[in-house]
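Working notes, beginning with the structure itself.
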Number of protein chains: 2
Amino acid sequence: MATIYEVSKLAGVSLATVSRVMNNNANVSDATRKKVTAAMDELGYRPNSIAQSLASNCSNSVGLLVSELQGPFYGPMMSGIENTFRNQGKHLIIAAGHSDEEREKQGIEFLISRNCDALILHVEAVSDDYLIKLSKGRTPFVLINRYISELSDRCILLNNIKGGYLATKHVLEQGHKDIAYISGPAWKQDAKDRLEGHKQALAEFNLEFDENLLFQGDFMEASGYEGLKALHQQTHPFTALICANDEMAVGAMASARDLGLTLPKQLSIMGYDNVFFTRHVYPQLTTINYPINEMGRMAADWVLNQVYQKQTPPLQTLFEPELIVRHSISQQ
Amino acid sequence: MATIYEVSKLAGVSLATVSRVMNNNANVSDATRKKVTAAMDELGYRPNSIAQSLASNCSNSVGLLVSELQGPFYGPMMSGIENTFRNQGKHLIIAAGHSDEEREKQGIEFLISRNCDALILHVEAVSDDYLIKLSKGRTPFVLINRYISELSDRCILLNNIKGGYLATKHVLEQGHKDIAYISGPAWKQDAKDRLEGHKQALAEFNLEFDENLLFQGDFMEASGYEGLKALHQQTHPFTALICANDEMAVGAMASARDLGLTLPKQLSIMGYDNVFFTRHVYPQLTTINYPINEMGRMAADWVLNQVYQKQTPPLQTLFEPELIVRHSISQQ
DNA sequence: ACATTAAATGTAAGCGCTTACATTTATAAC
DNA sequence: GTTATAAATGTAAGCGCTTACATTTAATGT
C-alpha cells in the first residue's frame, strides 16, 4: 500500500501538501493540487484511516448499541443510521446489549475503548445515574427511546402517552366499552407512558380503568400469549384487547385462536409499534406507528451536527405516533 | 486519558514493559506485572486502540457487508457474527449493499479503507471476477451464500438444491400432483438451485415439470402476490404453490385471500428460509430452515481462525436445510 | 524597484502504541 | 568465583498521518 510519503515523492511536494489536498482545506494552488491527485491516482493511494485517526484524534467512527441485532424493531433503526453516516464517511460500530445491565455496560465500554467519536445508545437496563456519569466523560452520546431530564437535549423520543391515547381512543370510537390491556414491564418508562395514555382516553370517554383487565407483560410474544389466557379467566368480560407492543399482540392472537375466538369478531386486538410483520398477520393488525427509522436518522443527524459540526436538517427530539388502521378491530 | 507513558512513569518501568503486560505475551516477572497493573488501575488507564492498530498493523475490526440491515433475514446473521466477535475483542463495522452492484462495491471499498482485518460479505450483485480480483488484495474475506469455485474454501453455503428438493418432496408426499412454483430471479444461484431441487423431486415422483406452472419472481413480497395472480389465470390447475422464499410466500398468501381461496384447503403454500415471521402468518407457514445464524457464526469463526490464528471449532462450509412442517400444506 | 502582506509550501514534532535489538540481571554449571 | 545461558527489562525507531510554525514565493501598493 502506498503511503503519503510515496505520493509526496512522486508529486515532488512535501508530506504536508499532500495532506492538505487530502483534507482539501488549506490553500493549495491548483497546479500542485493536480500534481498531487495525479500522483495519488498513479499509485492507487488510499489514506490509512488508522493513521489519520491517531494523528487527528478523530476516528470517524460512531458506536451504536442496540438491544438486539435481530428482531423487527432494530433493523429499521440501524438502517436509518447507517444510511446517514455512509454518505459522510463515518462508520458504524455495532454492539448488542441484550437488555441486560452488565452487557449494556460492557457494550458501552467496548465502544468507547474503540475510540468512537460518539455513541448512539438504545439502552434499557442501565441506570439514569450511570448515563449521567457517562455524560461527563469524553465521548458524547445520544439516547434513543429514553428520557433523562438532565440529558433532555440528547434524548430522542416518541410521544408514548399520545400513542397510548390514540390506540385506546380508536378502540373506544369503534364502540368498545370493555377493554383489556397487556402492558410492558412496569419499570420501563415507555410501558408506563403507553398505559398512561390508555387511561387518559378511558377517562375522556368517562370509563373507569379496571385493574382486573390489566395484565403486565414484558413486551415479548410469550407474555402476550399468557396475558390473554390469564385475562380470559377472570370474570370481567371484554370485547377488545390493547397490547403495548406488536409482539405481544401477535402472541395474544395465537392465544385467541387457541381459545377458539374468531378474530376480530369476538375479540378486537390492537398493537403498538407498527413493526413490519403486522401487515402479515391475519387479520392484519391495527397498530400505532413508531417512526423508528426516522428517529435513527435523527440520532445520526444529531451526531453529525453536534460532534462533527456538520450542516444538518434541524434537530428534533420528540416524535409523534400515528394510528394505523387495519383489520383487527371490529365495529361494536 | 492516561497514556502508556504515564503508566510506565508511575510504575517505574519502561514503555516496553507496560506494553508487554498489556499484551501479556512476553516474559515479565510477577512483581513488575503487579506494579504495572496497579498503576493502570490507579490511573484508570485504557489502551488507545487506534494507536495499537497503527503500531501493530492490525485494527481488530472486521467489516460486514449485508444487503439490508433490516428485514428478517440479516438480523439473525449479524447477531451470530456479533456474538462471536464480541468475546474476542474484535469489532464489527457494518455496511449495507442493497443488492446493487455499485453500492456493494462502494461498501467493500469503504470497509477496506477503514482498515478492516477481514471482511464478511453477503453480496449478490457484484461479479465473480470482481471477487476473484478482490481475493488477490491484502484484505481476506469470506463469502456467505455465494459459490465461486476459485474461492470455494471461503464460501459458506446452504445446500439449496437439497432444500428445494425437500420442499417439493414434502408437498408431493401430501398427495399434491399439480404444483406451481414461484422462483427467485434466474440470475441468482440460490434461486437456480432451489428450482433445480424442485425439479429433482418432481422427477423422483415421475411428474413432469410444467413451464406454465412456473412464475419468476424476485424474492420480494410483491412478486409473490403478482406471481400467484398470474398463475391463477393460466389454464393448468394446481393445488399447491411452492415459493422460493418466505417473503414471496407471504405475498402469495395475501393474493390467495384476494382471490377468495381458503388456505390451506384450496391452496397449499410452501415457503423457504424459515424467517421468524413464518410462525405469525395464518396459517402458519410450512417452510425450509435456513440456519443463517449458525452460518454467520461460522463466518466469524472462519475469520478468527484464518485471520487471527485463533483456536476455533472446526470450520464447516456447507450447511444443510431442514423441513419445518407447520400448517400451510393440506393433505390431498 | 522596494517594502508590505497574503498565499503557498516545507519542516519537523508529535499522536500512543509495538517491537527488534541492546542491555542488564538472575540462574545454573563448573 | 567465573563463565555461559536464559530471563527480564530498557532503548529507540518506527507505524502513516496531521498540524503548528517557519520559510519561501507571489501579489499588491507606492
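Quick note on labels: first sequence line is chain A, next is B, and so on, each numbered from 1. Below, all heavy atoms of this structure are taken into account, side chains as well, without hydrogens, waters or symmetry copies.
For B:Tyr45 and C:dG16, the OH to C1' distance is 7 Å, given to the nearest whole Å. Note: CG (B:Leu15) to C1' (D:dA12) measures 10 Å, nearest angstrom.
By the 6.0 Å and 45° rule, A:Lys90 stacks over the aromatic ring of A:Tyr308.
Using a 4.0 Å cut-off on heavy atoms, the residues of residues 48-61 of chain A that approach DNA chain C are A:Leu54, A:Ala55, listed by number.
Looking at B:Glu109 and B:Lys105, no side-chain N of the basic residue comes within less than 4.0 Å of a carboxylate O on the acidic one, giving no salt bridge.
Contact annotation for A:Val18: no contact, since no heavy-atom pair falls under 4.0 Å across all strands.
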I would like to know whether B:Leu315 and B:Gln306 meet side chain to side chain contact (heavy atoms under 4.5 Å, CB included); could you show each step before the answer? CA-CA 10 Å; B:Leu315 299 183; B:Gln306 301 286 301; 3.8 Å; yes
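Scanning atom types as modelled, one donor and one acceptor separated by under 3.5 angstrom connect the side chain of B:Arg20 and the base of D:dG10.
Judged purely by distance below 3.5 Å, without hydrogens or angles, the side chains of B:Thr312 and B:Asn305 pair a donor atom with an acceptor atom.
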Quiz: residues 70-80 of chain B side-chain donor-acceptor pairs under 3.5 angstrom, not counting sequence neighbours:
unit_1	atom_1	unit_2	atom_2	d
B:Gln70	NE2	A:Ser79	OG	3.1
B:Tyr74	OH	B:Ser67	OG	3.1
B:Ser79	OG	A:Gln70	NE2	3.1

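Between B:Glu124 and B:Glu104 there is a side-chain heavy-atom pair separated by less than 4.5 Å.
Each end of the helix from C:dA1-D:dT30 to C:dC30-D:dG1 yields a helix axis from five base pairs, and these two axes differ in direction by 30° (to the nearest 10 degrees).
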